[in-house]
Amino acid sequence: MNGNDITALGFTGKAIGLALNAARHRETAGQTNDEIRAELGRVLHRPEAFIRDPLYADLGRELLGQAARFPDTLRERPLSYTEWGSELIDENTRAQMDTAMRLPISVAGALMPDAHVGFGLPIGGVLATDHAVIPYAVGVDIGCAMALSVLPVANLSREDEVRLLRRNTRFGAGHAWERKLRPDHAVLDEDTWHELPLLRQLRNKAAEQLGTSGSGNHFVEFGTLTLEAADLGLAPGQYIALLSHSGSRGFGAQVAGHYTQVAQNLHPDLDPDARKLAWLDMDRDEGQAYWTAMNLAGRYALANHEVIHARIARALGVKPLVTVRNSHNLAWKQRMPDGREVIVHRKGATPAGQGQLGIIPGSMADPGYVVRGKGNTQALESASHGSGRLLGRKQAERELSRSAVKEYLEARDVTVMGGGVDEAPQAYKNIDRVMASQADLVDVVARFMPRVVRMDTGRQDI
DNA sequence: ATGTCC
């Protein structure tokens with residue numbers, strides 16, 4: 001093999017010499033030219049698979065660098081970004097956002113008042129990038145969403161609400177609907193499931209878990225919605241409403257895990273601080289594949305809410321007067337004020353474009369709000385997705401007593417089915433302080449107060 | 001967030 005053979009295979013620049021050296025090494029070891037050509041072809045086609053190969057590591061890295069639009073080097077200083085509710089945000093969260101703003105692909109960002117540390121990007125972080133998508137800036141629970149239905153029901157006893165939730169919701173990691181009760185939804189019939197091997201592989205799991213909710217902070221609850229003024233097609237007054245928080249279950253988690261791994265393999269030289277922020281170029285197959293899978297997980301998560309709300313409405317023999325819903329873990333294509341198209345990642349942030357409706361829950365025993373976005377461009381048209389954690393899960397279990405939690409719930413007349421001390425209201429920031437700090441991001445449309453809440457069982461039950 | 005490494 002000589003240089004002409006190597007360039008004929010498609011190698012350019014510094015990769016020619018590296019490929020030639022590797023080829024000589026194989027020749028010495030007795031391989032035929034056809035074998036060497038085939039092997040080099042595999043390296044050229046998928047360099048990320050060879051970055052830890054004893055012979056091809058340097059060539060793999062060089063090829064990755066040639067293919068990338070940006071080097072894997074972080075900026076010296078983070079781009080500036082705005083934060084809402086600074087007094088509610090800790091230094092570690094800020095440090096994590098600073099790292100995100102040092103990525104070469106980052107364009108703009110913002111921290112919402114519920115922000116706290118997460119994997120990669122903070123929860124409550126918003127990040128705009130240039131033609132690249134970061135799986136961990138979307139989060140593990142791709143498409144996690146809120147939905148609120150206003151029900152045309154005058155009276156509903158607490159006992160009936162408990163029974164309706166027990167019969168019509170399912171919770172917990174790995175949990176699925178019993179076969180005989182398994183729901184259906186048009187999302188399962190989409191051709192998208194056949195576009196990628198990974199999606200084909202995960203379709204059955206998704207079908208089994210359709211219409212269920214996860215663990216942690218996921219919930220389905222009945223409560224009272226109060227409108228001070230006519231809105232949402234409703235007269236002012238109080239209504240019985242159903243509020244749900246659920247995501248894309250095991251399906252979305254596996255998509256997230258898979259593409260995070262792909263992204264990390266494509267960026268072997270990324271600074272360790274930013275390793276969990278490895279990105280996929282939207283011009284490459286991997287970026288397009290993630291985009292397809294992410295959006296399917298987003299639609300699937302919304303389908304979960306639809307199924308949950310439809311089951312409960314059907315059990316009551318009614319149709320909701322109105323349903324509001326929004327995804328808060330997803331990436332969107334969006335235009336900056338200067339017209340430039342960017343990818344906006346919202347990881348625990350509510351889309352809040354001008355006039356856009358959204359839901360910001362407080363806690364299991366604090367009010368949540370239906371909001372209307374003000375299209376604040378500095379916040380990349382976003383708002384918080386809740387009140388945000390004050391205490392970590394373990395810290396909450398250490399510091400909060402079960403009796404203190406029960407007392408809090410009793411004082412507000414809230415019934416909780418399942419739930420753990422780690423989800424106690426006292427583990428969350430004060431929702432009204434959070435709302436006050438984002439008055440320039442959203443207007444309040446209505447207030448929702450929970451009454452009967454169902455969640456997964458926690459490690460320490462309430 | 002997820003049966004916690006397909």
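Just so it is clear: chains get the letters A, B, ... in the order the sequence lines come, proteins before strands, and each one is counted from 1.
Non-hydrogen atoms lying under 4.0 Å from DNA chain B are contributed by A:R249, A:G250, all within residues 244-251 of chain A.
In terms of phosphate contacts, A:K205 brings a side-chain nitrogen or oxygen within less than 4.0 Å of OP1 or OP2 of B:dG3.
Regarding A:H218, its NE2 atom lies at a distance of 10 Å from the C1' atom of B:dT2, rounded to whole Å. For the pair A:R459 CZ and B:dT4 C1', the interatomic distance rounds to 12 Å; values are reported in whole Å. Nucleotide B:dT2 holds its P atom 13 Å from the CG atom of A:D422, rounded to whole Å. Rounding to whole angstrom units, CZ of residue A:R170 and P of B:dG3 are separated by 17 Å. In this structure, A:F119 places its CZ atom 11 Å from C1' of B:dT2, rounding to the nearest Å. Per the geometry, CG belonging to A:N204 stands 15 Å off C1' belonging to B:dC6, to the nearest Å. When the C1' atom of B:dC5 is taken as reference, atom CG of A:L202 falls 14 Å away, rounded to whole Å. Atom CD in A:E208 sits roughly 13 Å away from atom C1' in B:dG3 (whole-Å rounding).
A salt bridge links A:E161 with A:R451: at least one charged nitrogen is closer than 4.0 Å to a carboxylate oxygen.
Here A:E87 pairs with nothing under the salt bridge (charged side-chain N to carboxylate O under 4.0 Å, His left out) rule; sequence neighbours left out. Take A:Q288 and apply the side-chain hydrogen bond (donor to acceptor under 3.5 Å, both in side chains) test, not counting sequence neighbours, and it matches no residue. Here A:T292 pairs with nothing under the side-chain hydrogen bond (donor to acceptor under 3.5 Å, both in side chains) rule; sequence neighbours left out. Judged as a salt bridge (charged side-chain N to carboxylate O under 4.0 Å, His left out), and not counting sequence neighbours, the contacts of A:R94 are A:E83, A:E91.
Counting non-hydrogen atoms under 4.0 angstrom, A:H258 reaches nothing in the nucleic acid. Residue contacts for A:Q261: at a heavy-atom cut-off of 4.0 Å it reaches no nucleic acid atom on any strand shown.
Ring geometry for A:F119 versus A:Y136: interplanar angle under 30°, hence parallel rather than tilted (30 to 60°).
Remark on DNA chain B: of its neighbouring residues A:Q254 and A:H175, the 5'-side contact belongs to A:H175, judged by nearest-heavy-atom nucleotide.
Here side-chain hydrogen bond (donor to acceptor under 3.5 Å, both in side chains) pairs that include residues 386-396 of chain A, with residues two or more places apart or in two chains, are A:R389-A:E423, A:R393-A:D422, A:R393-A:E423, A:Q395-A:E399.
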